Amino acid sequence: MTDSFRGRQHERQRQRETENESEDEHHACPECNSENLVHSEGEVICDDCGLVLDEQNIDRGPEWRAFNHSERQSKSRVGAPTTKTMHDKGLTTTIDWQNKDAYGRSLSSEKRSQMHRLRKWQERIRTKDAGERNLQFALSEMDRMASALGVPDSVREVASVIYRRALNEDLIRGRSIEGVATSALYAACRQEGIPRSLDEVAEVSRVPQKEIGRTYRYISQELGLELKPVDPKQFVPRFASELELSKEVQSKANEIIDVSAEKGLLSGKSPTGFAAAAIYAASLLCNEKKTQREVASVAQVTEVTIRNRYQEQIEAMGL
């Protein structure tokens, strides 16, 4: 018994060595001596002259063909990648809402009621305790706010990681779930360099701005989030785009911000108000005038803030 097992093992090893030798034997094309060999659909082809060197290789790719992204996705044998934005990291079972079998035929009434019960229990067992239910609610709330703010998926992932860290450190006790979720999203925006002001985040949230700011400061301090002060220049492209201003105005606004920052005028000032005033001053200098009301509406600051910052910037520029 042992000898036969050893014999089979030796045979497999010889077979693997033969396969490796057959794969490695083609180093150059015998026709044109080119080393640009392409392995495609079980064939080894010279990329320069088109000679087929071998057509009996094992093709380890899929046996189906796909011509666009949707076909590739529908025929893929793997699911979506794991993500921190879902409470179970995406490792869950989904029962389709359509009452049809694999062949597209409608289910009987008995089977339909059975599937209804399965869906109900599936939703119940997805969250085994109150902690998971709260996490599910917080992540769905963050997803809603991120969609309203128009931030990319990377920000949602970072926000989910920050919230999970706060949950593990027991920082949510005594605070509202929505407040911590909003603070985590705001911290993620700052960490990823996506310019969103506290006013904009508070506008899509269901908690007051004061609570968001207080919770954000507490979380960032406890978790040791090293967040740099927001650069007003990050807001310039978005504000200028909404006001339909040229690139010349944007570069002039950035220049005004740089000069003002060098003279220490940026300390303690709101970055959105500073960026709005710089855009207003640049629009006047470049003959693309916008009113203070228009700029204030886009930047979500008051006209008084723009006037005050504008005077300081003009003096710093020596105009």
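Computed from a predicted structure; not experimentally measured.
Heavy atoms from other residues, nucleotides or ligands lying under 6.0 Å from CD of Gln98 number more than 12. Around atom CD of Glu35, no more than 12 heavy atoms belonging to other residues, nucleotides or ligands sit under 6.0 Å away. When the shell of 6.0 Å around CD of Glu294 is examined, it contains more than 12 heavy atoms from other residues, nucleotides or ligands.
In this structure, the side chain of Arg165 engages the main chain of Leu223 through a donor-acceptor pair within 3.5 Å. With hydrogens and angles disregarded, no donor-acceptor distance shorter than 3.5 Å links the side chain of Lys269 to the backbone of Phe274. Between the Ser297 side chain and the Arg293 main chain, no donor and acceptor come within less than 3.5 Å of each other. Without hydrogens or angle criteria, Ser205 side chain to Val201 main chain gives no donor-acceptor distance under 3.5 Å. Of the possible donor and acceptor atoms, none in the side chain of Glu178 sits under 3.5 Å from a partner among the backbone N and O of Val207. Of the possible donor and acceptor atoms, none in the side chain of Thr215 sits under 3.5 Å from a partner among the backbone N and O of Ile212. Checking side-chain atoms of Arg112 against main-chain N and O of Leu107 turns up a donor-acceptor pair under 3.5 Å. Under a 3.5 Å cut-off, the side chain of Ser241 and the backbone N or O of Pro237 do not form any donor-acceptor pair.
Side-chain atoms of Cys46 and Leu37, non-hydrogen and from C-beta on, do get closer than 4.5 Å to each other. Residues Gln250 and Cys286 fail the side-chain proximity criterion, which asks for heavy atoms closer than 4.5 Å. In this structure the side chain of Pro30 reaches within 4.5 angstrom of the side chain of Leu53, judged on heavy atoms. Contact check for Lys233 versus Asp258: side-chain heavy atoms found under the 4.5 Å cut-off. Annotation: side chain of Cys29 is not in contact with side chain of Asp48 (no heavy-atom distance under 4.5 Å). Within the 4.5 Å cutoff, the side chain of Leu118 has heavy atoms near those of the Met115 side chain.
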Working note: Lys290 + Val249, criterion side-chain contact (heavy atoms from CB on, under 4.5 Å); need CA distance, chi angles, decisive distance, verdict.
CA-CA 11 Å; Lys290 294 290 179 181; Val249 175; over 6 Å; no
Can you check side-chain contact (heavy atoms from CB on, under 4.5 Å) on Glu141 and Met145, steps first, answer last?
CA-CA 6 Å; Glu141 188 68 10; Met145 291 186 290; 4.1 Å; yes
From CA spacing to verdict: side-chain contact (heavy atoms from CB on, under 4.5 Å), Arg164, Leu135:
CA-CA 8 Å; Arg164 287 173 185 271; Leu135 180 61; 3.8 Å; yes
Full working for salt bridge (Lys or Arg N to Asp or Glu O under 4.0 Å) between Arg214 and Glu211
CA-CA 5 Å; Arg214 187 168 59 243; Glu211 184 184 341; 5.3 Å; no
Between Val180 and Ile219, does a side-chain contact (heavy atoms from CB on, under 4.5 Å) hold up when you go through it step by step?
CA-CA 8 Å; Val180 178; Ile219 284 177; 3.5 Å; yes
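With 3.5 Å as the limit, one finds a donor-acceptor pair spanning the side chains of Ser246 and Glu288.
Rounding to the nearest 0.5 angstrom, the gap separating the CD1 atom in Ile256 from the OH atom in Tyr310 is 9.0 Å. Rounding to the nearest 0.5 Å places CG of Leu285 at 10.5 Å from OH of Tyr280. To the nearest 0.5 angstrom, Tyr163 atom OH is 3.5 Å from Ile172 atom CD1. Taking CG from Leu225 and CZ from Arg217, the interatomic distance works out to 14.0 Å, rounded to the nearest 0.5 Å. A distance of 11.0 Å separates CD of Glu222 from CG of Asp170, quoted to the nearest 0.5 Å. With rounding to the nearest 0.5 angstrom, the OG1 atom of Thr272 is 6.0 Å from the CZ atom of Phe239.
Ala181 approaches Ala138 most closely through the heavy-atom pair CB-O, 4.0 Å. Minimum interatomic distance between Ser176 and Gly179 (heavy atoms only, all atoms of both residues): OG-N, 3.0 Å. Gly213 and Leu198 make their closest contact through CA-CD2, 4.2 Å (heavy atoms, listed as atom of the first residue, atom of the second, distance). Ile257 and Ala275 get closest at one heavy-atom pair: CD1-CA, 4.2 Å. Minimum heavy-atom separation, Ile279 to Ala240: CD1-N, 4.0 Å. Minimum heavy-atom separation, Ala277 to Gln313: C-OE1, 3.3 Å.
In this structure, Arg175 is positioned above the aromatic face of Tyr218, its NZ or CZ under 6.0 Å from the six-membered ring centre and within 45° of the axis.
Ile45 and Leu51 sit in two unconnected hydrophobic clusters of ILVMFWY residues. Membership requires side-chain heavy atoms under 4.5 Å apart, directly or through other members. Under a hydrophobic-cluster definition in which Ile, Leu, Val, Met, Phe, Trp and Tyr are linked whenever side-chain heavy atoms come within less than 4.5 Å, directly or via other members, Phe137 and Leu139 are assigned to the same cluster. In the hydrophobic cluster analysis, where Ile, Leu, Val, Met, Phe, Trp and Tyr join through side-chain heavy atoms closer than 4.5 angstrom, Ile194 is grouped together with Val158. Both Met142 and Leu167 sit in one connected hydrophobic cluster of ILVMFWY residues. Membership requires side-chain heavy atoms under 4.5 Å apart, directly or through other members.
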